[in-house]
Structure formats: C-alpha cells, structure tokens
2 protein chains.
Amino acid sequence: MEKQTVTIYDVAREAAVSMATVSRVVNGNPNVKPATRKKVLAVIERLDYRPNAVARGLASKRSTTVGVIIPDVTNIYFASLARGIDDIAMMYKYNIILTNSDDASEQEVNVLNTLMAKQVDGIIFMGNHVDDKLRAEFKRAKAPVVLAGTVDPAGDTPSVNSDYAAAVEEAVTNLINHGHKKIALALGSLSQSINTEYRLAGYKRALNKAKLPYDDALVYEAGYSYDAGKKLQPVIADSGATAVFVGDDEMAAGIINASMESGINVPNDLEVVTSNNTIVTQITRPAITSITQPLYDIGAVAMRMLTKLMNDKELDEKAVILPYGIVRRDSTKSDEGETVN
Amino acid sequence: MEKQTVTIYDVAREAAVSMATVSRVVNGNPNVKPATRKKVLAVIERLDYRPNAVARGLASKRSTTVGVIIPDVTNIYFASLARGIDDIAMMYKYNIILTNSDDASEQEVNVLNTLMAKQVDGIIFMGNHVDDKLRAEFKRAKAPVVLAGTVDPAGDTPSVNSDYAAAVEEAVTNLINHGHKKIALALGSLSQSINTEYRLAGYKRALNKAKLPYDDALVYEAGYSYDAGKKLQPVIADSGATAVFVGDDEMAAGIINASMESGINVPNDLEVVTSNNTIVTQITRPAITSITQPLYDIGAVAMRMLTKLMNDKELDEKAVILPYGIVRRDSTKSDEGETVN
DNA sequence: TTGAAAGCGCTAACAC
DNA sequence: GTGTTAGCGCTTTCAA
C-alpha cells in the first residue's frame with residue numbers, strides 16, 4: 001500500500017543512461033544532447049519521477065529553503081512583510097519555513113537554531129527588538145540573515161526599513177503647524193528600539209525644532225491593541241493634549257472611538273495620526289490620517305537582498321531605507337505644507 | 001572563512017564511541033549506559049555539534065516538516081488558522097513550510113508538488129475551493145492532507161470547519177424574526193463551495209422555514225473587500241432589502257459606512273450581520289453583529305489530526321465541525337430567542 | 001549496551 | 001556529451 005518512490009536511479013536504468021545524465025537534465029544543465037534529454041524526459045514523465053529535494057539538499061548543501069521568523073502571523077503589519085518575502089522567494093524558487101516567535105527572545109533563539117538545523121540557506125528576521133543574544137546567534141549562523149521591518153541600531157546585520165524617525169518627525173511637525181502645544185505620543189513598549197530610538201526620537205526632534213518643551217508625561221506606553229487605545233483615551237484627555245501620534249492603527253481606532261463616544265470630537269478637539277495605514281484607518285469614522293509604509297516592498301527587498309547574500313554577492317547597501325508617505329484623512333485638520341517623502 | 005560543520009562522526013571520534021551511539025543519545029534512545037551518554041553529551045557540548053536535519057531526513061525518511069498552503073497570509077481569517085496550526089506544530093516539533101497560493105488552482109497544484117518534493121510529512125490545505133484536479137493531487141500525495149477552514153463537499157479528505165450553513169441559517173432566522181421580508185445576502189464569489197453549498201444553502205433554509213420567497217436578485221456576488229462593500233451598498237439600498245447578511249467583515253464595514261453616510265441608518269433602516277468576528281466588527285460604528293468561529297482552534301485541531309495521520313493512527317472523526325456562535329452588536333436590533341450553538 | 005556497515009537519493013568532481 | 005564514483009550526514013538493521 002505504501003506508495004513506492006521512483007528514484008533517479010530508476011530513471012537512469014529505464015532510459016539507459018547514467019544517473020549523472022538524468023541529474024543533468026533535471027537540473028537543466030546544457031551539456032546534454034537534445035536527443036538524450038528528450039529520451040530522459042520521456043522516462044521521467046512515464047515513471048512520474050519527482051526529484052527528492054532532501055537528498056538533493058544533502059548532496060548539494062543547499063536546501064533552497066529560507067527561514068522566516070515572524071512575531072505573529074496574525075499581525076497584519078508583519079504578515080504584509082511576509083507576503084512580500086514569500087512572493088520574491090517563490091520567484092527565486094525558494095521555499096519559506098515560517099515560524100512565530102511571539103517576540104520572545106528565548107523563542108527567537110530557539111527557532112533560529114532549528115532553522116539552522118534544517119539547513120536553511122538564509123534567514124529573514126522580523127521582530128520588535130534585537131538583543132545581544134540574538135545578535136550573537138546571527139553571527140554564529142552560517143547562513144546569511146536579513147532584518148525586515150526590524151531595526152537594530154547596534155547591528156551590522158543587513159536590514160530593510162523605512163525611516164520611522166523622519167516619518168514621526170514629519171507627522172508631529174504637521175501637528176505642531178496646526179497650532180498644538182501639547183501633543184501626546186502613544187506607543188506600545190518603550191523597550192523596543194523602534195519606539196525609543198526612532199519614533200520617540202523623531203517626536204523629540206519635531207518638538208525641538210519648534211522649540212516646544214518635551215514632557216515625559218505625554219508619552220504613553222500602553223501596548224498595541226484596540227482595547228488599549230480605548231483605555232488610554234481618557235488618560236490622554238486628562239493630560240490636556242490636543243493631538244496624539246499613535247504607533248498602531250488599532251490602538252488609534254480605540255482612541256478615536258472612545259473620544260467620539262465621550263464627546264471629544266476628532267479632529268476638532270483631538271487630532272490623531274497613526275502609523276501603519278492598514279484598512280482600519282479607512283474604516284473608522286473619522287478615517288485616520290496615517291504614515292504609509294511600503295510593507296510589501298520591505299519584505300520583497302529584504303528577500304532580494306537575501307538571495308544576493310546566499311549567492312555570495314556583495315550588497316550595494318547594507319541598511320536599505322524605503323520611502324514613507326503620509327496620507328491625510330479626517331482625523332486631522334487640513335494643512336498646507338504637508339510633504340510626502 | 002567558511003564555518004566548518006561538525007558531524008556526528010566528529011563527535012563519535014572525540015567521544016571514542018561509534019556513530020550509532022551518538023545517534024542514540026541525540027535521539028534519546030534509552031539503550032545507552034548513563035556514563036556513555038554523559039560522555040557523549042559532553043563532547044557534543046564542547047564541539048557545539050548540531051545534528052543536520054536534512055541528513056536525518058534522508059536517512060529516516062521523515063522531515064519533521066509539514067507543508068501549509070494558504071491563499072494569502074495577509075488575510076486575517078486564514079492567518080488566524082495558520083497561527084493555530086503553527087502553535088500545535090511547534091508543540092509536536094514540526095516546522096511549517098508556508099506558501100501562498102492566491103487561491104489559484106494552478107498555483108495550488110504547483111505548490112503541492114514542491115512541498116511533496118521537499119518530503120514534507122503532511123500537508124494542511126486552506127483555500128476557498130477544492131476542485132477535481134486538487135483532489136486528485138491529494139490522493140496522489142503520499143503524505144496525508146487535512147483541510148482547515150476549507151470545505152470539500154465531494155471530498156473524503158479529512159477536514160476541520162465550523163457549520164457555516166447552520167450559522168447563516170441562524171443569523172438569517174434572527175433577522176426574519178425581526179420582521180424583515182427582504183434580506184440580502186452579500187458574498188464573495190459564487191464559485192466557492194463555502195458560499196453556494198453552505199452560506200447560500202443556510203440562507204435558503206432560513207427563508208424556507210419562514211415561508212419567505214427566495215429571490216435571486218437579493219444575492220450579491222461582489223468580492224470580499226471594504227471597497228466592494230461600499231460599492232455594493234447603493235445596490236442593496238435600491239433592492240429594497242432591509243437587512244443583509246455579509247460573508248466578510250471588511251465588506252460589511254464598507255456597507256455600513258456607505259449606508260450611514262448616505263443617510264441609511266444601521267440598524268434602523270438596515271440590519272447587518274457579518275461572518276468572521278474580526279476586530280473590524282468592533283471598530284465600525286455601529287459595531288457589527290457577527291457569527292463567531294473558533295479560527296485558531298480550527299487550525300489547531302487540523303494540525304492535531306495531521307499528527308495522528310502522520311503517525312498512521314486512525315481518526316475518530318474525518319470531518320470535524322467546531323461550534324460557532326453569534327455575538328450581537330449594534331448593527332442589529334436586539335432580539336429575544338437568539339441562541340448560541 | 002555498543003559497533004559495523006549498508007544505505008537514504010542525489011550532486012559533483014573527474015575521467016573518458 | 002556521458003559515465004563512474006565518491007561522498008553529503010545521518011538512521012537503522014544486524015551482530016556481537
């Protein structure tokens with residue numbers, strides 16, 4: 001009952017050629033006489049032969065598989081990156097081993113090791129934080145690693161991102177230009193470099209340039225979720241802030257809904273700008289002004305870089321920065337002088 | 001410069017035992033004297049030996065990898081299933097090769113074949129439609145296949161789903177109980193069995209039981225997206241329908257926003273019920289009444305079934321149906337007699 | 001409890 | 001253009 005497998009050897013025998021020749025035609029090696037190729041192809045067809053990728057991997061030391069570490073597939077931000085990664089991977093005939101890390105350092109190291117054991121040819125890492133331990137593992141890995149949508153300020157690991165700091169700076173500057181003096185910043189965790197080293201930094205730069213004082217009390221660390229946003233809204237309201245930059249769309253939606261329901265009009269009493277331009281920004285009322293990031297492209301470019309690395313090519317750029325934009329919707333007042341990067 | 005790999009042979013030599021013994025300790029085979037085990041473990045530690053999963057796979061004919069075919073990772077419905085799949089896979093020490101199929105039949109067959117070439121031990125398939133060609137491939141595959149969140153009316157492929165037809169029937173019956181005579185049904189594609197054989201069927205059953213006439217003109221095939229919903233709204237309005245069951249949350253959001261903006265109050269002028277209970281249902285105003293499905297669990301159970309199959313165990317049930325529910329929000333009027341399955 | 005040895009199915013020199 | 005032959009790194013009988 002067990003379906004029996006036909007091997008390259010069977011094909012060779014039936015076609016009256018050597019295994020090497022079969023291997024050549026299977027791999028598209030041009031050094032095969034057309035007639036021979038045709039004969040072999042016929043036998044392959046007849047026997048329904050399918051090369052065993054595992055054996056091939058062992059012999060060639062290339063698995064044509066890349067590992068992708070993602071915090072959570074159900075997070076649309078990372079899933080969008082993953083989509084870009086997968087499409088390019090497919091284009092280059094690589095498969096993807098995808099594993100959720102839950103952003104947990106221990107789990108990330110773990111996963112990295114099983115990926116290495118599976119002999120992946122390269123790794124794309126997505127996460128909110130790269131710590132020393134992880135960095136050490138990257139170095140230890142003999143497969144190249146590329147970070148996608150993931151910053152490592154310390155790192156020399158190749159990466160693809162957009163300019164988070166500049167985006168926030170521009171968004172906050174727009175808010176300042178609307179006359180706001182107290183602008184809140186609602187983030188997830190302040191232990192993540194994207195928040196502290198980029199978003200918070202951009203926020204501070206904007207204030208600085210406008211000679212507005214920086215106030216710790218206006219920076220909120222609340223976790224990224226719709227409910228977190230709803231809970232945070234009264235706190236923001238109490239702070240006297242008249243505008244807020246939010247690091248996550250669902251959180252922004254929570255803030256908006258809670259505001260509107262407690263009689264605080266967005267954008268008249270509170271302007272809101274968010275970060276990821278997911279579909280949520282279109283669905284809320286008012287719809288949310290947002291930074292836009294080329295998520296799919298970040299993934300796609302990361303995968304392209306990885307293919308280069310896997311073929312021992314040099315990278316033109318080690319830390320690629322893709323352009324961001326800002327799309328104005330109804331959660332902010334109209335303004336002049338908005339620019340799009 | 002190339003990092004050199006340490007093999008089982010190196011460990012054997014250093015520990016002065018045979019490869020077989022090393023293999024035993026690595027695989028937790030109890031037939032090893034504790035002292036020997038300890039000695040080997042020490043060498044493994046010292047050399048930082050990591051077993052090569054590819055070689056292991058070739059020798060043992062098990063890759064501890066399962067293939068997962070998904071229409072699109074960025075679709076939260078399927079991503080939620082994938083999350084359940086991955087968690088259970090990890091629990092059983094399997095890795096996941098994840099590939100997007102775009103719901104394209106050709107691509108699905110393609111992907112299936114490369115997964116087989118990679119010698120996956122099993123496959124979980126998610127998709128909106130299972131056609132004959134695919135069914136044939138499933139049969140041809142020597143690895144077991146389980147469908148997750150995917151119906152195959154014809155099929156004998158093991159599957160995990162919720163009772164889509166009953167859910168729609170109940171939801172529509174609730175609507176009927178509110179006095180509606182013309183209830184629209186907004187779906188994606190009518191070429192997908194989940195829509196015709198389940199949702200449409202449930203819809204018809206509800207009408208039938210209430211002795212309400214079925215009217216083709218009230219069934220819309222519009223594609224699943226926010227914009228599709230917005231575009232569909234005026235059409236529904238023109239039809240005279242006073243309630244609508246929608247197959248997708250974003251589409252429902254589009255219908256609701258477009259309605260409210262054109263002066264049609266939800267739920268007073270139009271009641272709306274949707275299908276997937278994603279975060280979108282909480283974000284819209286009014287929030288949307290929805291069927292709830294245990295998406296994570298559907299994935300998790302599918303993966304559990306697959307592990308059984310991969311170990312040649314019998315399945316208790318071939319077509320598992322997990323319970324659905326209905327959560328009432330503000331897009332429908334309150335009603336008595338709602339039940340939760 | 002341990003070891004020897006034969007593969008697993010394929011690629012990659014190398015020789016012809 | 002084609003064939004021969006070592007492996008790739010591991011598991012798995014089978015003996016001892």
Side-chain angles (χ1 to χ4, degrees), chain A residues 2-41 43-44 47-65 93 114 116-121 142-143, chain B residues 2-41 43-44 47-65 114 116-121 142:
Chain A
E2 180 64 16
K3 280 148 190 159
Q4 73 118 56
T5 66
V6 7
T7 74
I8 198 173
Y9 178 79
D10 299 319
V11 176
R13 181 171 30 71
E14 291 288 313
V17 298
S18 72
M19 287 163 57
T21 297
V22 178
S23 175
R24 285 187 190 102
V25 346
V26 167
N27 292 299
N29 184 317
N31 295 344
V32 181
K33 208 196 314 184
T36 316
R37 178 184 309 280
K38 204 174 159 196
K39 180 173 62 174
V40 172
L41 251 16
V43 175
I44 287 179
L47 301 187
D48 190 27
Y49 163 71
R50 287 88 177 308
N52 178 326
V54 172
R56 206 201 289 241
L58 183 58
S60 68
K61 299 184 164 303
R62 314 184 78 252
S63 61
T64 60
T65 302
K93 312 271 186 213
T114 86
M116 293 314 305
K118 296 253 165 156
Q119 311 300 114
V120 294
D121 297 332
K142 54 181 186 180
Chain B
E2 179 65 14
K3 280 147 189 158
Q4 73 117 57
T5 65
V6 7
T7 73
I8 198 173
Y9 178 80
D10 299 319
V11 176
R13 182 171 32 71
E14 290 288 312
V17 297
S18 72
M19 287 164 55
T21 299
V22 178
S23 175
R24 285 185 190 104
V25 348
V26 166
N27 293 299
N29 183 316
N31 295 344
V32 182
K33 208 195 319 181
T36 314
R37 176 183 308 280
K38 205 175 156 195
K39 181 173 61 176
V40 172
L41 251 15
V43 175
I44 286 179
L47 301 187
D48 190 27
Y49 164 70
R50 285 99 175 302
N52 178 325
V54 172
R56 209 201 289 242
L58 182 58
S60 68
K61 299 181 165 304
R62 314 184 76 252
S63 61
T64 61
T65 302
T114 87
M116 293 314 305
K118 296 252 165 159
Q119 310 300 117
V120 296
D121 297 332
K142 55 182 188 182

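In what follows, chains are A, B, ... by sequence order, proteins preceding strands, each numbered from 1. Remember, it's a predicted structure, so these values are computed and weren't measured experimentally.
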Name the pairs: protein N/O against N/O of nucleotides 5-9 of chain C, kept only if under 3.5 Å.
from, atom 1, to, atom 2, distance (Å)
dC8(C), O3', Lys61(B), NZ, 3.0
dC8(C), O2, Ala59(B), N, 3.2
dG9(C), OP1, Thr5(A), OG1, 3.3
dG9(C), OP1, Lys61(B), NZ, 2.9
dG9(C), N2, Ala55(A), O, 3.3

Short side-chain N/O contact from Asn31(B) to OP1 or OP2 of dT2(C), under 4.0 Å:
no
Does dG1(D) have OP1 or OP2 sitting under 4.0 Å from an N or O in the side chain of Thr21(A)?
no
Working to the nearest 0.5 angstrom, can you tell me the gap between [X] [atom1] and [Y] [atom2]?
X         : Y        : atom1 : atom2 : answer
Ile8(A)   : Leu47(A) : CD1   : CG    : 12.5 Å
Thr114(B) : Lys93(A) : OG1   : NZ    : 9.5 Å
Gln119(A) : Thr64(A) : CD    : OG1   : 12.5 Å

I'd like to know whether Val11(A) forms a side chain to side chain contact (heavy atoms under 4.5 Å, CB included) with Val26(A), so could you lay out the CA-CA distance, the side-chain angles of the two residues, the decisive distance to 0.1 Å, and finally the verdict.
CA-CA 11 Å; Val11(A) 176; Val26(A) 167; over 6 Å; no
Given atom [atom1] of [X] and atom [atom2] of [N], what is their separation to the nearest angstrom?
X        : N       : atom1 : atom2 : answer
Asn27(B) : dT2(C)  : CG    : P     : 15 Å
Tyr9(B)  : dT11(D) : OH    : C1'   : 17 Å
Arg62(B) : dT11(D) : CZ    : P     : 12 Å

Of Leu41(B), Val40(B), Val32(B), Thr36(B), the one forming a side-chain contact (heavy atoms from CB on, under 4.5 Å) with Val22(B) is Val40(B)
Look only at the side chain of Ser60(B) and the backbone of Arg56(B), and say whether a donor-acceptor pair between them is shorter than 3.5 Å.
yes
Sorted by chain and number, sequence neighbours left out, side chain to side chain contact (heavy atoms under 4.5 Å, CB included) with Asn31(A) holds for Asn29(A)
Want to settle it: does Val22(A) or Val17(B) sit nearer the 5' end of DNA chain C, counting the closest nucleotide to each?
Val17(B)
Taking five pairs at each end, how big is the angle between the two axes of the helix from dT1(C)-dA16(D) to dC16(C)-dG1(D), to 10°?
30°
Determine, stepwise, if the pair Lys118(B) / Thr65(B) fulfils side-chain hydrogen bond (donor to acceptor under 3.5 Å, both in side chains).
CA-CA 9 Å; Lys118(B) 296 252 165 159; Thr65(B) 302; over 6 Å; no
Do any N or O atoms of the protein come closer than 3.5 Å to N or O atoms of nucleotides 14-16 of chain C, and which pairs are they?
none

Salt bridge (charged side-chain N to carboxylate O under 4.0 Å, His left out) partners of residues 25-40 of chain B, not counting sequence neighbours, each pair once:
none
All pairs passing salt bridge (charged side-chain N to carboxylate O under 4.0 Å, His left out) where residues 10-19 of chain A contributes a residue, at least two apart
Asp10(A)-Arg13(A), Glu14(A)-Arg46(A)
Residue pair Ser63(A) / Asp121(A): nearest heavy atoms and the distance that separates them:
N-OD1, 3.0 Å
